[in-house]
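Presented below is the structure to which this report refers.
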Number of protein chains: 2
Amino acid sequence: MTARTSRTPLSRERVLAAAVALVDAHGVPALTMRRLAADLQVEAMSLYYHLPDKEALLDGVLETVLDEIVRAAGPGGDDVWQARLRRQFLAARQVMLRHPWAPALLATRHTAPAAVYVYYDGILATLVGAGFSYRLAHRALHAFGSLPLGFAQEVFSPAPAGGGPAGAELAGAELAGAELAAMADALPHLAAMVAAEVHAAGDPTLGWCDSQVEFEFTLDLLLDGLARLRAPGSAAADG
Amino acid sequence: MTARTSRTPLSRERVLAAAVALVDAHGVPALTMRRLAADLQVEAMSLYYHLPDKEALLDGVLETVLDEIVRAAGPGGDDVWQARLRRQFLAARQVMLRHPWAPALLATRHTAPAAVYVYYDGILATLVGAGFSYRLAHRALHAFGSLPLGFAQEVFSPAPAGGGPAGAELAGAELAGAELAAMADALPHLAAMVAAEVHAAGDPTLGWCDSQVEFEFTLDLLLDGLARLRAPGSAAADG
DNA sequence: ACCTGAACACCGTTCAAGT
DNA sequence: ACCTGAACACCGTTCAAGT
C-alpha cells in the first residue's frame, strides 16, 4: 500500500466503466480519449490497445448502460402481460434516470448492443404468449418506441427559454410572471394550459410535467389500446 | 458574369442554408466551421461575425429544418380533430424524411426553436376546441412524443448487425439465411416474427418494417385511445 | 502482451489587423 | 460593417519504440 494505488491492468471493462463514470459526472462532451486516460492514470494511446477507436468507445459506453437497463427490467414474472410489461418498463426507467444522457447518445449510434435484442425477444414472448399475432406484436414493439428502455421522447416541454435539454421537464417555479404574460400573447393555449394546471394544484401529482405520471399515462394508453386490438368486440374499432 | 460568381455577402440565413445542405449531403460530422466556410467560399473566421459559436450554428440548423417542418404541417383546417392532427403529423413526416439526421441532432439540443411552440399551441387549440380538458390535452402532447414533428423514436429494429442508424428500418432482403438461423437460437421469437411477416407477403404493405404503416398505426392507436378518454362511456377504462 | 512518446492532421476559437 | 491571417489549445489517431 504505497502512495501509487490501483495499478490493476487495463481492460475493456475497466475502460468502459471509467467512461460511464466520466460521462455521468461531466457529460458526453467531456469524454475524450486523453481525459479518460488521465482518469485511469494511463496514457491516451493505451486505450487503443483495448478499443479500436472512439466510435467503439461510445458503442461500449452505451452497451454498458443498456446492459444495466435490460438487467434491471428482468426476465418478466408470471403476472398478466400488461402488468409484466409495465413493471419491466418502469424498472428500466429507474436506471435510465441515473444516465439521463443515454437517450441522446443512443440516437447517434448505428447499432444496438446484443442485450437489447434478447430483451425485445422477451417482450415479444410476453405478447405472443398473451395471444398476440406476430403482426400485431411487431406493431406493438414499434408503438412502444423507447418506453421499454425507460424513456419517452420528450420533444415538447412548455419552457421556450428554460435550461436543461429539450426533453427536460419544467419545474413549475421556472415560469416567472413576466414570462407567462409574454407567452399569453403568442401562445394563448399553452399559457392557458399552464394556468389551468397550476390552478389544480390540490391533486396528488408531484408538480407540473411530472414525468413519472406522463410516462405511465402514455404507457397505459398504449397497453389499453393494444389490449383492445388483440380482443375486439368491446367497442368500435377500425383500421 | 465573370468566372467568380455568387459574391453575395454572407448572412445568418445564407450560412444556415449552406449548413443544412452540407449536412443533408454529408452528415452531421462533416459540419465543421472550416468546411462550411469553404462551401461558402469564405474564410472560417467570417462565420463568427454571423454566429457566436458552433452551438449556435447547430441550433440554427435545427431551427431551419423545424421551421420547414412546422410550415409543412400548416395551421390545421376545419376537419375533425383526429383527421386534422393526422394530416399535420403526416405532412411533417414528409419533410423529416428529407432530413433523417434531424431527430438525433434534436436529441442533443437544449432548447427548441420558437416555431415549435407556436406549432404546439395550435395542436393544443385543436384538442381544446374538440372538448379536451387542458389536463388531458397536456398529457396527449406528451403521449404524442415526437410524432407531431414527423418521426417516431425507432429504438428497435430487428437487425442486430444491419447498416444505418439504430432507428433505421430493415430491408427484408438484408436478413440472409445464415443470419436468420443464428438468430433462431438466441432470439426465437424475433426469428419467428420475421418468418411470419415474410410469409404474409401477399398483403399491401411495402415490405418488412414499412415505417409509414408503423407511423400511422402508432398515431391511430394514440388518437383512438385519446378519443376514448375524452368521451368515456363506450368501454371499460380505469387508471 | 501491454503500454508509451513523439508526431500528424485535424478541430473550435481569440485577437489584432485589414478594407 | 464585414472579412481575414496567424496563432493557441485542444482533438483523434498512426507508428515506431519501449518493457
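No hydrogens, no waters, no symmetry mates; every other heavy atom, side chains included, goes into these values. Below, chain A is the first sequence line, B the second, and so on; all start at residue 1.
A/Arg12 has its CZ atom 19 Å from the C1' atom of C/dA1, to the nearest Å. Between B/Lys54 atom NZ and D/dC10 atom C1' there is a gap of 14 Å when expressed in whole angstrom units. D/dG12 atom P lies 9 Å from atom CG of A/Leu57, rounded to whole Å. Note: CG (B/Leu36) to C1' (C/dT13) measures 15 Å, nearest angstrom. The distance from atom CZ of A/Arg34 to atom P of C/dT4 is 14 Å, rounded to the nearest whole Å. To the nearest angstrom, P of D/dT4 lies 5 Å from CD of B/Glu43. Atom CZ in A/Arg35 sits about 12 Å away from atom P in D/dG12, given to the nearest Å. Computed from coordinates, the B/Tyr49 OH to C/dT14 C1' distance equals 17 Å when rounded to whole Å.
At the heavy-atom level, B/Met33 lies under 4.0 Å from the strands shown only through sugar-phosphate atoms. Residue contacts for A/Ser46: at a heavy-atom cut-off of 4.0 Å it reaches a base atom on one of the strands shown.
When distances are taken from the side chain of A/Pro9 to each of C/dC3, D/dA6, D/dC3, the shortest belongs to C/dC3.
Contact check, A/Tyr48 against D/dT13: a side-chain N or O comes under 4.0 Å of OP1 or OP2.
Panel note: side chain A/Glu214, backbone B/Ala143; no donor-acceptor pair is recorded below 3.5 Å. Remark: side-chain polar atoms of A/Tyr119 are paired, donor with acceptor, to backbone N or O of A/Pro148 under 3.5 angstrom.
In this structure, C/dT13 and D/dA7 make a Watson-Crick or G-U wobble pair, each of the two defining distances being under 3.5 angstrom.
Taking the six-membered ring for Trp and thresholds of 30 and 60 degrees, A/Phe156 and B/Tyr117 have ring planes inclined between 30 and 60 degrees apart.
For A/His26 and A/Arg35, the side-chain atoms include at least one donor-acceptor pair closer than 3.5 Å.
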